[in-house]
Amino acid sequence: MAKSDANWGINTRLAHGGNDPRDYYGFVNPPVVHASTVLFPDAATMVSRSQKYTYGTRGTPTTDALAQAMNELEGSVGTIIVPSGLAAVTVPLLAFARAGDHVLIVDSVYHPTRHFADTMLTRLGVEVQYYDPRIGAGIADLMKANTRIVFTESPGSNTFEVQDIPAIAKAAHAGNAIVMMDNTWATPLYFRPLEHGVDISIQAATKYPAGHSDILLGTVSANESCWNQLHEGFITLGCCAGPDDVYQVLRGLRTMGVRLDHHSRSALEIASWLETREGVAQVLHPGLPSHPDHGLWKRDFCGSSGVFSIVLAGGGAEEQHAFLDALRIFGLGYSWGGYESLAVPVFLGDRVVAKAPEAGPVIRLQIGLEDVADLKADLERGLAAAAAASRARSKTGT
Ligand SMILES: *Cc1c(COP(=O)(O)O)cnc(C)c1O
C-alpha cells in the first residue's frame, strides 16, 4: 500500500507515491525484481490463482510501484507498463479495435502512431480516418455507427494544436466510442486526461518521467470502464517492460515536478523571446498568447512543458539545415524530455487534413535544463546561419 495522500501537493505526491517503504524493511525505494518464475507454496495455491504474483509478465512489486504512482497522478483505476511510448499507443489500440471498426485519429498525431494505423491496424480490417485537430464538437459529424475509438493527442506533435478534449469526449461517448489520448507533452502534471472525459491516457514515459534520454518506456492508464479490457489485451500481447527501466522511471518521477517546472519556465521565456527575433515567422507554443489555441490551453491545462516549434520566415531546407548545423548546445536528435536541449527538422508531408504552416520551414525545439542565456546565444547562431543561407541563395538566384 502506498502512503500517498490525494490532498498533498504535486511534488509531495511525486516524492512519496507508488511504493510504501515499510513493505520492504523501510528501504526508501522498492526492490528491482528480476523475475520470470514465481514459486507457490503448494499445488492448491497454484491452481486457485489466489497468490498475488504468479509470473513475471503479469507484474512484480517493481511494476506495481510505478503503476500505483501513475494511478495516483492520472486518477486512473489501473496502469499497464510497456517497453516504449509507441507500445503505449499500439497496445491499447490492439486491445480495443476489432475488424470492421472505424477509428478516428487526429491528423497531428505522432508520426509512428499514424504508421501503425495505416499499416497494421488497416491490415487487421480497421477503417482509419484522420480528423482536424481543431474539430472540437464537430467530431460528431464524423462519428459512424461502427466508430469504436477516437484517438486524440494534444497538443499535436510538432505543430502544437490544442484539442477541445471535453467536447470531443462528449461526442465520442454519445456515439458509444471510447477516447484515447496521447498526453506525453503535458504529462499528468499539466493535464489530467481522465478528468476531461478521456477513457485511456497514454504516456511516453521515455520523455519527462525518464528525463535523461537513456530509457524507453510507456504507460497506459485506464478508467474503471476500460481497465479490464486494457489489462486483458496487455497480458494477451505479452508486451511487458524490463525491471531496470521500470525502476528508473519511478526514480525519474521523484524529480519530474522540479524538472518540468524548469523546462516550462525556460521554454516559455525562449519562446516569447523568439517571437521578437527577425527570421522567425511564428512560434508554435500554446502557452503564448499569440497561439490560436491559447484560450483552450488556458482553460484545460495547468502548465506547459519544454517542447515547441518555430517557423522560419521564408526559405526552405537550406535555411532549415543551416540553422540546425550552426547549433552547438542543442543536439540534433529525436525524442525529448531529457535534461539536454534538442532540435529537429519537422516534416509535415504526412498530414492529410491539417495544414502545415506556410511561412517557411519548421524546426522543433526541446528546451533542456541548461542556462537560458546560453540557449538563446545558440539559437542566435542558428538564426544568423539561416539568414546567411538565405542571402547566399538570393545572390545566386536559386
Ligand atoms: C516520443 C513519443 C512517443 C513514443 O515514445 P517512444 O518511447 O519513443 O516510443 C509517443 N507519443 C508521443 C507524443 C511522443 O512524443
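For the numbers below, each heavy atom of this structure counts, side chains included, while hydrogens, waters and symmetry mates do not. Just so you know, ligand 1 is whichever comes first in the structure, and atom 1 is the first atom listed for that ligand.
- Between Y208 and W336, a ring centre-to-centre spacing shorter than 6.0 Å is recorded.
- Aromatic rings from F301 and Y190 are positioned such that their centres are separated by 6.0 Å or more.
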Table of N or O contacts for ligand 1, cutoff 3.5 Å:
unit_1	atom_1	unit_2	atom_2	d
ligand 1	7 (O)	G85	N	2.7
ligand 1	7 (O)	T206	OG1	2.5
ligand 1	9 (O)	G85	N	3.3
ligand 1	9 (O)	L86	N	2.9
ligand 1	11 (N)	D182	OD2	2.6
ligand 1	15 (O)	K207	NZ	2.6

Walk me through whether T79 and E74 qualify under side chain to side chain donor-acceptor pair (under 3.5 Å). CA-CA 9 Å; T79 293; E74 297 269 10; over 6 Å; no
Output side-chain donor-acceptor pairs under 3.5 Å for residues 343-350, partner residues at least two apart or in another chain, one line each.
unit_1	atom_1	unit_2	atom_2	d
D350	OD2	H111	ND1	2.8
D350	OD2	R114	NE	3.3

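- Using a 4.5 Å heavy-atom threshold, the side chains of F234 and T57 count as separate.
- In summary, of the residues considered (V283, V307, D293), a side chain to side chain contact (heavy atoms under 4.5 Å, CB included) with F160 occurs for V307 alone.
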